[in-house]
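What you are looking at is a predicted structure, and each value in this text was computed from that prediction instead of being measured. Reminder, nothing fancy here: chain letters follow the sequence lines and each chain counts from 1.
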Number of protein chains: 2
Amino acid sequence: MSKGKVSLKDIAQTAGVSTALVSYVLNGKEKESRVGQEIAVRIRQIANELNYQPNYLAKSLRSGKTQTIGLIIADISNPFFANIARIVEDEAKRNGYTVIIGSSDENPDKSWDLIKVFLTRQVDGFIIVSSENSEEQVHFLKERNAPFVLLDRHFPEIQTDFVSLNNYKAAYEAGSHLIERGYTSIGLIAYKSRLFHMQERIRGYLHSLRDNAIAFRPTWLKEVSFQSIDQEVKAGIDEMLASEQAVEALIFATYRIAISGLKYINALGLNVPDDLAIVSFGQAEAFDLHYCPITYLEQPMEDLGKTAVGLLVNKLENHQEEPKQVLMEARLIARDSSRLKVLVS
Amino acid sequence: MSKGKVSLKDIAQTAGVSTALVSYVLNGKEKESRVGQEIAVRIRQIANELNYQPNYLAKSLRSGKTQTIGLIIADISNPFFANIARIVEDEAKRNGYTVIIGSSDENPDKSWDLIKVFLTRQVDGFIIVSSENSEEQVHFLKERNAPFVLLDRHFPEIQTDFVSLNNYKAAYEAGSHLIERGYTSIGLIAYKSRLFHMQERIRGYLHSLRDNAIAFRPTWLKEVSFQSIDQEVKAGIDEMLASEQAVEALIFATYRIAISGLKYINALGLNVPDDLAIVSFGQAEAFDLHYCPITYLEQPMEDLGKTAVGLLVNKLENHQEEPKQVLMEARLIARDSSRLKVLVS
DNA sequence: TACTTGCACTTAAACGATTAAGCCTATATT
DNA sequence: AATATAGGCTTAATCGTTTAAGTGCAAGTA
């Protein structure tokens, strides 16, 4: 890159002073450093004329701060994370930070890699959407005293800052909502994952059945793996429909699962909601465009992203010590895919 | 950030040598710099033991290279750009670069801002999805000799590197396809924009009509502005349907427009494709989920992204001078939304 | 008069790396 | 024996900033 070239030294030379003075003035430290009025004005003017742009590398090298945040998400091409990324980016910028983003693909090796790269790049702090089996990484960052905030997911057994959803409650509401609407055989397709947020969604679902005196059937719950979503979702739906207590409503635990599931349901020629009612986590245009708009749990993405940045910046700038933990509520947006069940006589 | 702390100096001290030697060894310059075998081994070992991580800031300050690419896109929360971003990110990483992303929201002021920020951050080069009225910015970068590649859009009157779609041909194909399938009144909703890619899409559409001896009606073409898509798309569709030569097929020039248009078409209770056939640019899950899968022009995103990174890296590392310009072909994926027209007697 | 205080500015080290140039010593060449 | 060459290592400058510590000097105080 052809540099701005103009350095403090250039300004100092044309002004006939030392670089120290220039630095003081340009950093607004004229008062503390007792710089003369006239020369201050002069320096500022010269800086303008030469179109001086400070060299961040040098600044950072000196200060140890890069004003950069590393954001690790599962996959930027997933609309949920793309939105989060956008919000984090904007909010960080408002606070004078730049964001570098990396996608882990839910793979702990990749996120290790990203952490290493980001550390090498001397990010000031991290915002991380953890993948399964990455507890080690969280401990590593804690030990290294690297500021970070977990987003969307967290490990209840590790004391950290985090911002996530009250997933238990959200799933509980999804189940209760379907029950209220007259459905009694309700399935859930979730990820096969030990991640807390996923377990909470499952737990919420189960409790909603229990509290409404519905006996849960094992075939109703299908846990699919990231690597072969489409295949396993199909199998899951097939099983749920074939069992003697066939499912008449289905909850998708994530956006990706929903996309996969809805495609298959369409392919099967099933009608939503008459053949199968639907509630899904996540929100996206795809849900609005569906011939039968999909009921979903709206995640407060704006809040999630902004709060995560807020917590991190606070940590970075005020050296806040005690971990802050935030749980946010999802809002169920009821649409036609879960409308009152039509009773067939 | 609590630093890795370990610097060249630390290694030098424990090895009892100068930092120069350590630097030579750790950069694989032992041969050229005639470093002794034993001490080289020793240094490498100590570096390992101390878990030395080089300080990129220092490296960059010295070398003037940050191994960072600035990517400016319209909006990361748009799936097209999210995918592009993902591909660029991965490809850049493979080449040893980190990407910082900024969303311009099609607003030239914001992209100016991003360019300034990225320059301050000393990115080595840019990949830019230009917004309207940003020619000035392109000229600025050219004059500054800042390496950059335009992606998805370019300015035919400015000599630059770019990678984009053959938009004329793609739109021409969209039109021809609908005509082949029996539709004769075909509308297009595009952005109100002087940007070349958009003008090409319009031109392609018009030529497909002309070459098939279909007289174009002005109401068939609606150009909507970014700021009020939904509203203007509605108005456009209303007009197109109300005109005496009502439209029976519709082309959407972008993904965003398509989403907006399809929502309205659903709201009107129109049936696709019987009431209105559809072809759209862009691809997304939403199109698959539609009750009538949408015919779309598949953009070679993988190629677009990788090629953009490739061109840029080549420029950066081989100081390639002559601008390289790449036009790629879209592929029309025919689905039910443009199936053979049913003739009503 | 001698001493403090305040003001306006400079010096120089430091951040962590890279690298041209230089300094020895031992061996090879003439 | 004198000189060249090669090998192995160090010195010190440099990238662009920041900032603690210091240097003069003039005015104020005792």
What is the distance from OH of A:Y56 to C1' of D:dT17, rounded to the nearest Å? 13 Å
Can you measure B:Q67 atom CD to C:dA17 atom P for me and round it to whole angstrom units? 16 Å
May I ask you to evaluate whether A:S23 reaches the phosphate of D:dT17, defined as a side-chain N or O under 4.0 Å from OP1 or OP2? no
Strictly by modelled atom types, are A:S60 and A:Q122 linked by a side-chain donor-acceptor pair under 3.5 Å? no
So which one's nearest nucleotide on DNA chain C is more toward 5', A:S18 or B:P54? A:S18
Against the side chain of B:V35, the closest entry in C:dG16, D:dC9, D:dG16 is D:dC9
May I ask you to verify if any side-chain N or O of A:K59 is less than 4.0 angstrom from the OP1 or OP2 atom of D:dT18? yes
Value in whole Å for how far the P atom of D:dT17 lies from CG of A:L26: 9 Å
In whole angstroms, how far is the C1' atom of C:dC9 from the CD atom of A:E38? 13 Å
The side chain of B:R34 is closest to which nucleotide in this list: D:dG16, D:dT10, C:dG22? C:dG22
Can A:K315 be said to sit on top of A:F148's aromatic six-ring, NZ or CZ under 6.0 Å from centre and within 45° of the ring axis? yes
Give DNA chain C the dot-bracket treatment, 5' to 3': Watson-Crick (N1-N3 with N6-O4 or O6-N4) or G-U (N1-O2, O6-N3) under 3.5 Å, [ ] crossing, | other strand. ||||||||||||||||||||||||||||||
Worked verdict on A:R86 versus A:D90 for side-chain contact (heavy atoms from CB on, under 4.5 Å): CA-CA 6 Å; A:R86 178 61 203 271; A:D90 288 348; 3.2 Å; yes
At 4.0 Å (heavy atoms only), tell me whether B:Y52 reaches a base, stays on the sugar-phosphate, or touches nothing. sugar-phosphate
Within this structure, what is the CD-to-P distance between B:E32 and D:dA6, rounded to whole angstrom? 16 Å
Nearest-nucleotide wise, let me know which of B:L61 and A:T19 is further upstream toward the 5' end of DNA chain C. A:T19
Return yes if a side-chain donor-acceptor contact under 3.5 Å exists between B:R121 and B:T68, otherwise no. no
Whole angstrom is fine here: how far is it from NZ in B:K65 over to C1' in C:dT18? 15 Å
What nucleic acid atoms does A:L57 come within less than 4.0 Å of, heavy atoms only: base, sugar-phosphate, or nothing? nothing
Look at the side-chain N and O atoms of B:K29 and state whether any lies under 4.0 Å from the OP1 or OP2 oxygen of C:dT19. yes
B:S103 side chain to B:D105 side chain, donor-acceptor N/O pair below 3.5 angstrom: no
Taking all non-hydrogen atoms of both residues, which atom of B:P147 and which atom of B:L316 are closest, and how far apart? CG-CD2, 3.6 Å
Between B:H197, B:H154, B:M328, B:R153, which is the residue that forms a side chain to side chain contact (heavy atoms under 4.5 Å, CB included) with B:S164? B:H154
Whichever of B:L21 and A:A20 has its nearest DNA chain D nucleotide further upstream toward 5': B:L21
From CZ of B:R42 over to C1' of D:dC9, roughly how many Å is that when rounded to an integer? 15 Å
Can you tell me which nucleotide in D:dT18, C:dC15, C:dT18 comes closest to the side chain of B:L8? C:dT18
Measure the distance from NZ on A:K9 to P on D:dT14 and round it to the nearest whole Å. 7 Å
Identify, between B:Y24 and A:N27, the residue whose nearest nucleotide on DNA chain D lies closer to the 5' end. B:Y24
Taking the side chain as every heavy atom from C-beta outward, state whether A:Q53 and B:L119 have any atom pair closer than 4.5 Å. no
